[in-house]
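Here's the structure, in structure tokens; my notes come after.
Positions are given from 1 along the sequence.
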Amino acid sequence: MGFLMSKSMDQNFKKQQEFMLLNSRLQLERQIILQTQMRERQMAMQIAWSREFLNYYGVFFSLATLGFTVGAVRKRRPGLFTPVIPLSFILAYQVDMAYGTLMHRIRGQAEDIMVAEHDCLDLPHGTPTFESIEKARRAQAHLLIEK
């Protein structure tokens, strides 16, 4: 009779392990999806910000170019037109960021860095461990208790 109970307990234990494994896998998949969605939303916000900034900068650039051109023609001094050159580089960058392929090129460079120069990505003092996090938490909790 004891054999039957231990066999039943073993089966229950295995079922419980399988359930825990399935549950932890499901939780990990949800975390990955959540992090991916958050990253996508942040990237969308960055691109939207670039497009909005481009609207304002485009108006500024147009007015500045018009003003510098009129000033250079009226005063017959072409040197007044020179600030348009660096401003045009900024405009080109913003257009590329908002509507061009800058994000694809940045992603490609990031992938190359991750493959070829992975040592540049190492954190100071290495990757945080459970022990280091607990040590910091205890130290912080100790400071909060003293106050």
Side-chain angles (χ1 to χ4, degrees), residues 2-69 71-72 78-147:
F3 175 73
L4 292 176
M5 286 186 65
S6 68
K7 187 176 180 182
S8 174
M9 288 177 62
D10 285 343
Q11 288 176 347
N12 285 339
F13 183 69
K14 286 181 181 180
K15 286 180 182 178
Q16 185 70 20
Q17 280 183 325
E18 290 173 8
F19 174 75
M20 289 173 58
L21 181 64
L22 181 66
N23 197 21
S24 64
R25 180 183 172 124
L26 185 62
Q27 184 178 6
L28 180 61
E29 288 174 357
R30 286 179 178 154
Q31 287 176 350
I32 291 170
I33 291 169
L34 174 68
Q35 289 175 353
T36 301
Q37 287 181 356
M38 291 302 294
R39 183 188 55 80
E40 288 172 351
R41 289 175 183 176
Q42 288 172 345
M43 293 294 293
M45 286 294 291
Q46 184 178 2
I47 293 169
W49 181 89
S50 294
R51 290 179 180 176
E52 189 63 27
F53 181 80
L54 180 62
N55 292 337
Y56 286 95
Y57 187 77
V59 171
F60 164 75
F61 179 79
S62 300
L63 293 175
T65 302
L66 181 65
F68 289 135
T69 304
L80 292 175
F81 189 72
T82 55
V84 171
I85 296 169
L87 292 176
S88 64
F89 280 104
I90 297 170
L91 178 67
Y93 175 82
Q94 287 299 323
V95 168
D96 194 20
M97 178 78 160
Y99 296 103
T101 60
L102 181 65
M103 295 307 285
H104 297 289
R105 293 192 313 266
I106 289 172
R107 187 179 303 121
Q109 282 186 355
E111 289 172 356
D112 291 343
I113 289 170
M114 290 178 76
V115 170
E117 303 174 45
H118 196 271
D119 59 325
C120 294
L121 304 176
D122 291 338
L123 294 171
H125 298 292
T127 304
T129 62
F130 178 78
E131 290 79 18
S132 67
I133 293 169
E134 278 297 301
K135 183 179 176 183
R137 186 189 65 79
R138 286 186 189 121
Q140 187 177 16
H142 178 69
L143 292 174
L144 293 174
I145 292 172
E146 288 181 359
K147 291 182 181 179

Sidechain-backbone polar pair: [X] side chain, [Y] backbone, donor-acceptor under 3.5 Å:
| X | Y | result |
| --- | --- | --- |
| Tyr99 | Arg51 | no |
| Ser88 | Ile85 | yes |
| Thr101 | His104 | no |

Identify the heavy atoms of [X] and [Y] that sit nearest to each other, and give their distance.
| X | Y | answer |
| --- | --- | --- |
| Val84 | Phe68 | CG2-CD1, 3.6 Å |
| Ser50 | Gln94 | O-OE1, 4.0 Å |
| Leu91 | Gly58 | CD1-CA, 4.4 Å |
| Gly71 | Leu80 | O-CD1, 3.6 Å |
| Pro78 | Ala72 | CA-CB, 4.3 Å |
| Ala64 | Leu87 | CB-CD1, 4.3 Å |

Separation of [Y] [atom2] from [X] [atom1] (nearest 0.5 Å):
| X | Y | atom1 | atom2 | result |
| --- | --- | --- | --- | --- |
| Leu66 | Phe61 | CG | CZ | 11.5 Å |
| Phe53 | Asn55 | CZ | CG | 10.5 Å |
| Ile47 | Leu102 | CD1 | CG | 9.5 Å |
| Asp96 | Leu54 | CG | CG | 11.0 Å |
| Leu34 | Arg39 | CG | CZ | 12.5 Å |
| Glu52 | Met45 | CD | CE | 11.0 Å |

### Query
Does the salt bridge (charged side-chain N to carboxylate O under 4.0 Å, His left out) test come out yes or no for Glu18 and Lys14, once each step is laid out?
CA-CA 6 Å; Glu18 290 173 8; Lys14 286 181 181 180; over 6 Å; no
### CA sep, side-chain torsions, deciding dist, call: Glu29, Ile32, side-chain contact (heavy atoms from CB on, under 4.5 Å)
CA-CA 5 Å; Glu29 288 174 357; Ile32 291 170; 5.7 Å; no
### Task
Please assess Gln46 against Met43 for the test side-chain contact (heavy atoms from CB on, under 4.5 Å), listing each intermediate value before the final yes or no.
CA-CA 5 Å; Gln46 184 178 2; Met43 293 294 293; 4.0 Å; yes
### Query
For Arg107 and Glu111, what are the C-alpha separation, side-chain angles and deciding distance, and is it a salt bridge (charged side-chain N to carboxylate O under 4.0 Å, His left out)?
CA-CA 6 Å; Arg107 187 179 303 121; Glu111 289 172 356; 5.4 Å; no
Any non-hydrogen side-chain atom of [X] less than 4.5 Å from a side-chain atom of [Y]?
| X | Y | value |
| --- | --- | --- |
| Gln109 | Ile106 | no |
| His118 | Leu121 | yes |
| Glu131 | Lys135 | no |

### Message
Centre-to-centre under 6.0 Å for Phe60 and Tyr57, is that the case here?
### Response
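When the ring centroids of Phe60 and Tyr57 are compared, they turn out to be within the sub-6.0 Å range.
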### Query
Taking atom CZ of Arg30 as the centre, does the number of heavy atoms from other residues, nucleotides or ligands within less than 6.0 Å exceed 12?
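No - once you tally the heavy atoms of other residues, nucleotides and ligands closer than 6.0 Å, there are 12 at most.
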### Message
Take a 6.0 Å sphere around CE of Met114 and say whether it holds more than 12 heavy atoms from other residues, nucleotides or ligands.
### Response
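No, not enclosed.
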